[in-house]
Chemist: 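This structure is in structure tokens; I'll ask about it shortly.
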Amino acid sequence: MVKAVVLGAAGGIGQPLALLLKTNPRVTELGLFDIVNTPGVAADLSHIATPAKVEGYLPPDDGLAKTLTGADIVVIPAGVPRKPGVHDLFKINAGIVHDLAVGIATTAPKAFVLVISNPVNSTVPIVAEVFKKHGVFNPKRLFGVTTLDVVRASTFVAEIIGDLSKSPNVVVPVVGGHSGVTIVPLLSQSSHPLPSSFASEKLEALTTRIQFGGDEVVKAKDGAGSATLSMAYAGAEFAAKVIDALAGKKGLVAPSYVHLDADKEGAAVLKKEIGKELDYFSTNVEIGPNGVERIIPLGKLTEYEKGLIAAAVPELTTNIEKVSCYQRPR
Ligand SMILES: NC(=O)C1=CN([C@@H]2O[C@H](COP(=O)(O)OP(=O)(O)OC[C@H]3O[C@@H](n4cnc5c(N)ncnc54)[C@H](O)[C@@H]3O)[C@@H](O)[C@H]2O)C=CC1
Ligand SMILES: O=C([O-])CC(=O)C(=O)O
């Protein structure tokens, strides 16, 4: 019995993500919340012949609390995406995520929380700060969703190998954070090695393509927003792992942007590898019924990858520190 909730469920990511969660056989209740259209989305999904009972709420009459009651896992794709006229996602989305986090802290403080809303490097710390204020922060249960970077890396590597049918099995750890240079694909650790003829400039081009994969979609959508369908796929894939872990499945490992107190022993090794006392970092984590069981250090890196980590750390530091002076505008 799993209740999954999507906050921002009527949006470009929210709708296909809710669809994919409705098809997850372990989900028995699906709660949908948005400031618009959730009753319609819920009615539509409720006709699909899968176990989940679907309910959709809007803000009036305690809609957020009703949606969150009994939630085991809450996925947050609420907020604005990159589009013309939107210059600072943090400015708008920090407030949205802050208020939703207050709702979770009050109504579902033990739920696993998966943050998709950008900028993930800063919205995850926003949620953590709200939870700390409410005395309910458990770093093992808070996840920034960086799975789209992993999905892109799998696809692009399979394209280079020349066999897209392999893409679901290609595993590339992508670490750091979720924006530009903070996205660090560890291609030397790919389950499917790149051809030995792969020149260093091609490796740099592939790395840049993974780091700025979001730009390709923003450009192609030409003013209509950013990645939604691939993000819904990635979000559902990561949520399915968390749901499987809740159900007792073992050995589930995936990269996620987490607070490093989630596993202090693993984090101590990781912090040595990255050379900085950061509070948050995306790395492979083992997920179990209580959330993050283990933070898995980066392991052997090439000189090129060490350089990418060194470039990611200052940007990540800025993204995280930004939150310490954040005040929710009234
Ligand atoms: N983590 C990642 O890898 C990725 C993150 N994103 C981010 O995901 C977010 C959502 O993107 P899209 O779905 O394309 O945007 P969208 O604009 O299509 O949908 C966002 C939804 O959030 C809702 N919303 C706004 N304020 C809300 C509130 N206070 N409570 C509940 N719902 C609220 C809107 O009504 C809308 O339905 C953006 O911040 C985007 O940058 C996008 C792609 C990848
Ligand atoms: O690029 C964006 O704005 C959306 C995003 O996070 C991605 O596609 O990875």
Side-chain angles (χ1 to χ4, degrees), residues 11-14 16-17 20 75 77 79-84 86 89-90 93 114-124 143-192 194 198 200-239 254-257 281-284 304-305 307-309 311-312 315-316 319:
I13 296 168
L17 174 62
L20 292 169
V75 193
V80 287
R82 277 199 280 165
K83 55 185 173 189
V86 177
L89 291 185
F90 179 82
N93 291 346
L114 281 54
V115 183
I116 291 175
S117 316
N118 271 323
V120 168
N121 296 354
S122 304
T123 49
V124 171
F143 302 87
V145 183
T146 57
T147 322
L148 181 53
D149 306 318
V150 178
V151 167
R152 285 181 178 135
S154 301
T155 308
F156 301 164
V157 167
E159 278 174 9
I160 287 162
I161 292 169
D163 186 356
L164 261 186
S165 73
K166 290 208 167 81
S167 56
N169 300 319
V170 174
V171 181
V172 180
V174 183
V175 302
H178 176 71
S179 72
V181 297
T182 72
I183 298 172
V184 179
L186 302 180
L187 289 159
S188 69
Q189 298 182 13
S190 171
S191 61
H192 294 63
L194 292 163
F198 207 66
S200 65
E201 64 274 15
K202 284 194 186 160
L203 180 72
E204 283 175 29
L206 174 60
T207 301
T208 306
R209 188 173 180 211
I210 296 166
Q211 290 181 317
F212 296 91
D215 292 2
E216 275 182 33
V217 182
V218 168
K219 194 163 169 242
K221 288 200 173 178
D222 196 17
S226 56
T228 52
L229 303 173
S230 50
M231 181 59 240
Y233 170 87
E237 186 181 277
F238 187 71
S256 179
Y257 183 71
F281 201 79
S282 179
T283 186
N284 266 325
Y304 177 59
E305 289 163 352
L308 294 175
I309 297 279
E315 175 77 17
L316 262 177
N319 296 165

Chemist: Any chance you could measure Thr228, atom OG1, to Lys221, atom NZ, to the nearest 0.5 Å?
Modeler: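 Going from the OG1 atom of Thr228 to the NZ atom of Lys221 covers 3.0 Å.
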Chemist: If the condition is salt bridge (Lys or Arg N to Asp or Glu O under 4.0 Å), which residues does Glu315 pass it with, not counting sequence neighbours?
Modeler: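 Per chain and number, Glu315 pairs via salt bridge (Lys or Arg N to Asp or Glu O under 4.0 Å) with no residue.
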Chemist: Under the 3.5 angstrom rule, does the side chain of Ser282 hit a backbone N or O of Pro255 as a donor-acceptor pair?
Modeler: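 Looks like no, no N/O pair under 3.5 Å.
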Chemist: Could you pull out all residues at least two apart from Phe281 that satisfy ring-ring contact (aromatic ring centres under 6.0 Å, His included)?
Modeler: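 Listed in chain order: nothing, the list is empty.
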Chemist: List the steps and the verdict of side-chain contact (heavy atoms from CB on, under 4.5 Å) for Val175 and Ile309.
Modeler: CA-CA 9 Å; Val175 302; Ile309 297 279; 3.9 Å; yes
Chemist: What closest approach, in Å, do Leu194 and Leu203 show between heavy atoms, and which atom pair accounts for it?
Modeler: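 Nearest heavy atoms, Leu194 then Leu203: CD1-CD1, 4.0 Å.
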Chemist: Side-chain donor-acceptor pair under 3.5 Å between Thr182 and Asn121, yes or no?
Modeler: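 Yes, Asn121 and Thr182 have a side-chain donor paired with an acceptor closer than 3.5 Å.
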Chemist: Which atoms form the tightest heavy-atom contact between Ala312 and Val181, and what is the distance?
Modeler: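 In this case the closest contact between Ala312 and Val181 is CB-O, 3.4 Å.
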Chemist: Please walk me through it: do Asn319 and Ser179 pass side-chain contact (heavy atoms from CB on, under 4.5 Å)?
Modeler: CA-CA 10 Å; Asn319 296 165; Ser179 72; 4.1 Å; yes
Chemist: For Gly79, does its backbone N or O pair with a side-chain atom of Ser117 as donor and acceptor, under 3.5 Å?
Modeler: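 Not at all, since once roles are kept as given, no pair shorter than 3.5 Å links the two residues.
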Chemist: What are the two closest heavy atoms between Asn284 and Pro173, and how far apart are they?
Modeler: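 Result for this residue pair: ND2-CB, 3.9 Å.
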Chemist: Provide the closest heavy-atom pair for Ala236 versus Leu17 in the form atom of the first, atom of the second, distance.
Modeler: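 What the structure gives for the nearest pair is N-CD1, 3.5 Å.
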Chemist: For a side-chain contact (heavy atoms from CB on, under 4.5 Å) check, start with the C-alpha distance between Arg82 and Asn118, then their side-chain angles and the critical distance, and finish with the verdict.
Modeler: CA-CA 9 Å; Arg82 277 199 280 165; Asn118 271 323; over 6 Å; no
Chemist: Please identify each residue that fulfils salt bridge (Lys or Arg N to Asp or Glu O under 4.0 Å) with Arg209, with sequence neighbours left out.
Modeler: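 Scan of Arg209 (salt bridge (Lys or Arg N to Asp or Glu O under 4.0 Å), adjacent residues dropped) gives Glu159, Glu216.
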Chemist: So, does Asn93 use its side chain to make a donor-acceptor pair with the main chain of Val80 at under 3.5 Å?
Modeler: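 The answer is yes, because a donor-acceptor pair under 3.5 Å joins these two groups.
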Chemist: Please list all pairs passing the side-chain hydrogen bond (donor to acceptor under 3.5 Å, both in side chains) test where one or both residues lie in residues 165-175, with sequence neighbours left out.
Modeler: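 Residue pairs with at least one partner in residues 165-175: Asp163-Ser165, Asp163-Lys166.
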Chemist: Walk me through it: do Ser256 and Phe238 pass the test side-chain contact (heavy atoms from CB on, under 4.5 Å)?
Modeler: CA-CA 9 Å; Ser256 179; Phe238 187 71; 3.8 Å; yes
Chemist: Can you measure from CZ (Arg152) to CD1 (Ile183) and round to the nearest 0.5 angstrom?
Modeler: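 Reported value, rounded in 0.5 Å steps: 7.5 Å.
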Chemist: Please identify each residue that fulfils ring-ring contact (aromatic ring centres under 6.0 Å, His included) with Phe156, with sequence neighbours left out.
Modeler: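 Counting only residues at least two positions away or on another chain, Phe156 forms no ring-ring contact (aromatic ring centres under 6.0 Å, His included).
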Chemist: Counting C-beta onward and ignoring hydrogens, is there a side-chain heavy-atom pair between Val120 and Val145 closer than 4.5 Å?
Modeler: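 Result no, sub-4.5 Å side-chain heavy-atom pair not found.
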Chemist: From Ile160 CD1 over to His192 NE2, what is the distance, rounded to the nearest 0.5 angstrom?
Modeler: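 Separation between the atoms: 13.5 Å.
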Chemist: Please round to the nearest 0.5 Å and tell me the distance separating atom OG1 of Thr147 and atom CE of Met231.
Modeler: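 Rounded to the nearest 0.5 Å, the OG1-CE separation comes out at 6.0 Å.
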Chemist: Whether the side chain of Ser154 engages the backbone of Val171 through a donor-acceptor N/O pair (distance < 3.5 Å, no angle test) should be reported.
Modeler: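 Not a single qualifying donor-acceptor pair exists.
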Chemist: Give me the atom names and distance for the closest heavy-atom approach of Pro185 to Leu308.
Modeler: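 In terms of heavy atoms, the two residues are closest at O-CD1, 4.5 Å.
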Chemist: Test of understanding: with side-chain contact (heavy atoms from CB on, under 4.5 Å), list the residues that count as partners of Pro81, not counting sequence neighbours.
Modeler: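 For Pro81 the side-chain contact (heavy atoms from CB on, under 4.5 Å) partners, ignoring immediate neighbours, are Lys83, Ser226.
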Chemist: In Å, rounded to the nearest 0.5 Å, how long is the span from CD1 of Ile210 to CG of Leu148?
Modeler: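 Going from CD1 on Ile210 over to CG on Leu148, the span is 11.5 Å.
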Chemist: Atom CG in Leu229, atom CD1 in Ile13: separation rounded to 0.5 Å?
Modeler: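 Reported to 0.5 Å precision, the distance equals 9.5 Å.
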